[in-house]
Structure formats: C-alpha cells, structure tokens
Amino acid sequence: MNKNEQFVIAINRELGSGGRTVGRLLAEKLGVPFYDKAVIKALQEKYNLTTAEIERMKGRKHSWWADVERILKIDSGMGMNYYLPQKSDAPDLLTTDEMFKTETLILQDLAAEQSCIVAGRSGFHVFRNHPNHLSILIQASMDHRVKRVARKQNMSEDEARKTIEHVDKMRENYVKKYTGTSRYDTRNYQLVISADGKTEEQMADMIMQYIG
C-alpha cells in the first residue's frame with residue numbers, strides 16, 4: 001500500500017482485541033476518516049437506503065461527504081462502544097442480502113471519495129479489488145479479550161467470555177455467508193497482529209512502520 005496515494009485500510013478484529021481503537025488511532029495519525037458500523041448504519045437510516053436508491057443517488061452525482069462529516073462529528077463520542085448483541089439476536093438473521101449489498105456500495109463509494117480506514121464490515125472482502133488497499137487482522141488470546149471486555153463493559157469475566165463467544169460465532173456466520181470465506185483465514189490479510197502484550201498505541205505504531 002502506498003500512503004501517498006488514495007488508499008483504504010480495512011481492519012478486521014476480534015472483540016476485545018482493541019482493534020477498533022487501533023483503527024481510530026491510525027486514522028488520527030494518517031489524517032483520514034474512520035468508518036465503522038455506527039457510521040454506515042446512520043447513513044442507511046438517513047436515506048432509507050437500498051441498492052436501487054444508491055444507484056439513483058450516483059446518477060445525481062450525490063456526494064456522501066457532507067453527510068458523513070456531520071455523522072462523524074455527532075458519533076465521535078460513541079466510538080469506544082462495543083456492539084454487544086441482545087440474547088434474542090439470531091446470528092443468521094442479523095442482516096439480509098440487500099443490506100450487505102447496500103453496505104458494500106456505501107463503503108466502496110466512501111473509499112472512492114478519499115482515503116479512509118474501515119473497521120469490520122468484511123472490509124477485507126469489500127476492498128479486495130481496490131488498487132491501493134491494506135487488510136489487517138487484529139487478534140488476541142481469549143484471556144486478553146475476556147479481561148479487556150470485562151473491564152470496558154463493567155461485567156464479570158464469565159459474562160465477558162459468553163459475550164465474546166456469542167459475537168465470535170455471529171461474526172463468523174456473517175462473514176462466511178456473505179464472503180464465502182472465514183474471517184480467520186490469514187490469506188485474506190496482508191498483516192496479522194496479536195494484541196497480547198501490546199497497547200493500542202503500540203499496534204497503531206506497528207502499522208505505521210509497516211506502511212512506511
């Protein structure tokens with residue numbers, strides 16, 4: 001990846017690895033926007049988006065950027081929150097083919113406007129054909145993840161472990177269904193980092209060194 005040209009960095013991460021925080025720190029260091037589920041959901045809700053509506057907006061040469069900028073400012077205080085599913089959530093019913101296609105189009109359009117960093121959303125797959133992309137996977141041991149989630153979410157370690165196991169299963173089902181591969185397959189990434197023994201700042205610096 002050449003950071004002197006328009007680029008996109010996709011960060012997939014395990015819950016409790018600190019990957020989302022790494023993505024935000026990296027975005028600050030590179031001076032580019034950071035997109036995650038909250039931003040994409042806000043755009044979808046604002047426009048009640050479908051793939052057909054996105055195509056119509058493209059035809060009108062609509063630019064997402066003004067709206068994204070407002071959303072980023074509004075959402076700036078929410079970025080540290082995890083997505084913790086409700087017990088009623090069914091892993092295979094969290095999204096639909098149409099929703100996945102809509103998310104993909106939004107992300108590809110955002111990346112076409114300017115350099116950015118994307119957390120999750122199967123970015124390794126969405127941007128696999130982008131001419132200047134870097135896909136990263138941030139992992140950690142279960143012990144590291146349990147302790148971090150318990151601390152961040154003020155829950156017991158047993159509750160944290162159950163949450164992690166549920167989210168892991170849900171995310172893997174999602175990725176397999178819509179990309180045909182596993183999110184744990186390291187062939188999908190150019191860089192894989194273990195969070196054990198590292199701070200988020202150190203991991204962000206490692207990525208900056210890798211980029212050069």
Side-chain angles (χ1 to χ4, degrees), residues 1 7-47 49 54 64-86 89 91 94-95 99-128 130 133-140 145 148-149 152-153 163-164 166-168 170-175 178-179 183 188-189 191 193 195 200-201 203-204 207-208:
M1 190 199 88
F7 64 82
V8 58
I9 297 176
I11 297 181
N12 277 73
R13 75 277 183 228
E14 292 184 308
L15 177 63
S17 67
R20 180 178 293 175
T21 302
V22 172
R24 287 191 177 276
L25 289 171
L26 192 62
E28 290 173 8
K29 291 175 183 293
L30 291 168
V32 301
F34 173 80
Y35 303 132
D36 61 5
K37 180 175 183 173
V39 174
I40 305 308
K41 183 178 179 182
L43 279 174
Q44 288 176 312
E45 290 178 349
K46 177 178 174 63
Y47 291 106
L49 289 176
I54 290 174
W64 301 103
W65 183 242
D67 296 318
V68 171
E69 202 168 30
R70 283 193 291 272
I71 291 168
L72 287 172
K73 287 177 182 176
I74 293 170
D75 186 58
S76 60
M78 299 170 55
M80 299 300 290
N81 292 343
Y82 290 107
Y83 168 58
L84 297 179
Q86 301 300 311
D89 283 349
L94 285 176
T95 190
M99 288 168 64
F100 179 77
K101 290 175 184 176
T102 300
E103 269 196 4
T104 297
L105 287 174
I106 291 172
L107 288 170
Q108 289 175 341
D109 281 357
L110 290 171
E113 290 201 19
Q114 69 173 47
S115 296
C116 61
I117 293 175
V118 176
R121 321 321 303 149
S122 299
F124 70 85
H125 178 80
V126 171
F127 300 113
R128 65 194 185 283
H130 191 286
H133 79 279
L134 173 64
S135 291
I136 301 169
L137 175 63
I138 298 180
Q139 298 179 304
R145 299 168 68 195
R148 189 175 192 277
V149 171
K152 292 281 186 178
Q153 299 300 320
T163 296
I164 289 169
H166 181 61
V167 172
D168 280 353
M170 182 178 62
R171 287 180 176 172
E172 180 68 353
N173 285 346
Y174 173 91
V175 170
Y178 293 105
T179 73
R183 70 190 185 113
N188 293 318
Y189 311 96
L191 182 62
I193 297 174
E200 289 89 346
E201 186 74 38
M203 286 188 278
I207 298 170
M208 290 294 292

Validation row: [X], [Y] side chains within 4.5 angstrom (heavy atoms):
X: Tyr35; Y: Ile117; value: no
X: Met208; Y: Leu30; value: yes
X: Phe34; Y: Val118; value: no

Looking at residues at least two apart in the chain, or sitting in another chain, which of them share a side-chain hydrogen bond (donor to acceptor under 3.5 Å, both in side chains) with [X]?
X: Arg121; result: Glu103
X: His125; result: Arg128
X: Gln108; result: none

- With Glu201, which residues qualify under salt bridge (Lys or Arg N to Asp or Glu O under 4.0 Å), at least two apart?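 Partners of Glu201 by the salt bridge (Lys or Arg N to Asp or Glu O under 4.0 Å) criterion, ordered by chain and then number, come out as Lys29.
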- Under the salt bridge (Lys or Arg N to Asp or Glu O under 4.0 Å) test, which residues partner Arg145, sequence neighbours left out?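 For Arg145, the residues satisfying salt bridge (Lys or Arg N to Asp or Glu O under 4.0 Å) (neighbours in sequence not counted) are Glu14, Asp168.
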- Item | Candidates Leu26, Leu191, Val32 - the one meeting side chain to side chain contact (heavy atoms under 4.5 Å, CB included) with Ile9 | Leu26
- Task: Evaluate the side-chain contact (heavy atoms from CB on, under 4.5 Å) criterion for residues Asn12 and Tyr189: first the C-alpha distance (whole Å), next the side-chain angles of each, then the deciding distance (0.1 Å), finally the verdict.
- Result: CA-CA 9 Å; Asn12 277 73; Tyr189 311 96; 3.9 Å; yes
- Message: If you apply the rule side-chain contact (heavy atoms from CB on, under 4.5 Å), what do you find for Val175 with Phe124, and how did you get there?
- Response: CA-CA 10 Å; Val175 170; Phe124 70 85; 3.7 Å; yes
- Task: Taking ring-ring contact (aromatic ring centres under 6.0 Å, His included) as the test, write out the residues that go with Phe127, two or more places apart.
- Result: none
- Looking at residues at least two apart in the chain, or sitting in another chain, which of them share a ring-ring contact (aromatic ring centres under 6.0 Å, His included) with Phe7?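 Phe7: no ring-ring contact (aromatic ring centres under 6.0 Å, His included) contacts found.
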If you measure from [atom1] on [X] to [atom2] on [Y], what distance do you get to the nearest 0.5 Å?
X: Tyr178; Y: Ser122; atom1: OH; atom2: OG; value: 10.0 Å
X: Ser115; Y: Met1; atom1: OG; atom2: CE; value: 7.5 Å
X: Leu110; Y: Glu113; atom1: CG; atom2: CD; value: 6.5 Å

- Test Arg24 against Asp36 for side-chain contact (heavy atoms from CB on, under 4.5 Å), laying out the working first. CA-CA 10 Å; Arg24 287 191 177 276; Asp36 61 5; 3.6 Å; yes
- Minimum-distance pair of heavy atoms, taken over all atoms of Ala140 and Ala195: CB-CB, 3.9 Å
- Message: Tell me whether Ser17 contacts the main-chain N or O of Arg13 through its side chain, where contact means a donor paired with an acceptor under 3.5 Å.
- Response: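 No: the side chain of Ser17 does not pair with the backbone of Arg13.
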- With sequence neighbours left out, write down each residue that passes side-chain contact (heavy atoms from CB on, under 4.5 Å) with Glu28, or none if nothing qualifies. Leu25
- By side-chain contact (heavy atoms from CB on, under 4.5 Å) - contacts of Val22 (at least two apart):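 Result, side-chain contact (heavy atoms from CB on, under 4.5 Å) vs Val22: Ile138, Glu200, Met203, Ala204, Ile207.
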- Item | Working for side-chain contact (heavy atoms from CB on, under 4.5 Å), residues Val149 and Leu15 | CA-CA 8 Å; Val149 171; Leu15 177 63; 4.1 Å; yes
- Message: Check the orientation of His130 and His133. Use parallel for under 30°, tilted for 30 to 60°, and perpendicular for over 60°.
- Response: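 Rings of His130 and His133: perpendicular, over 60°.
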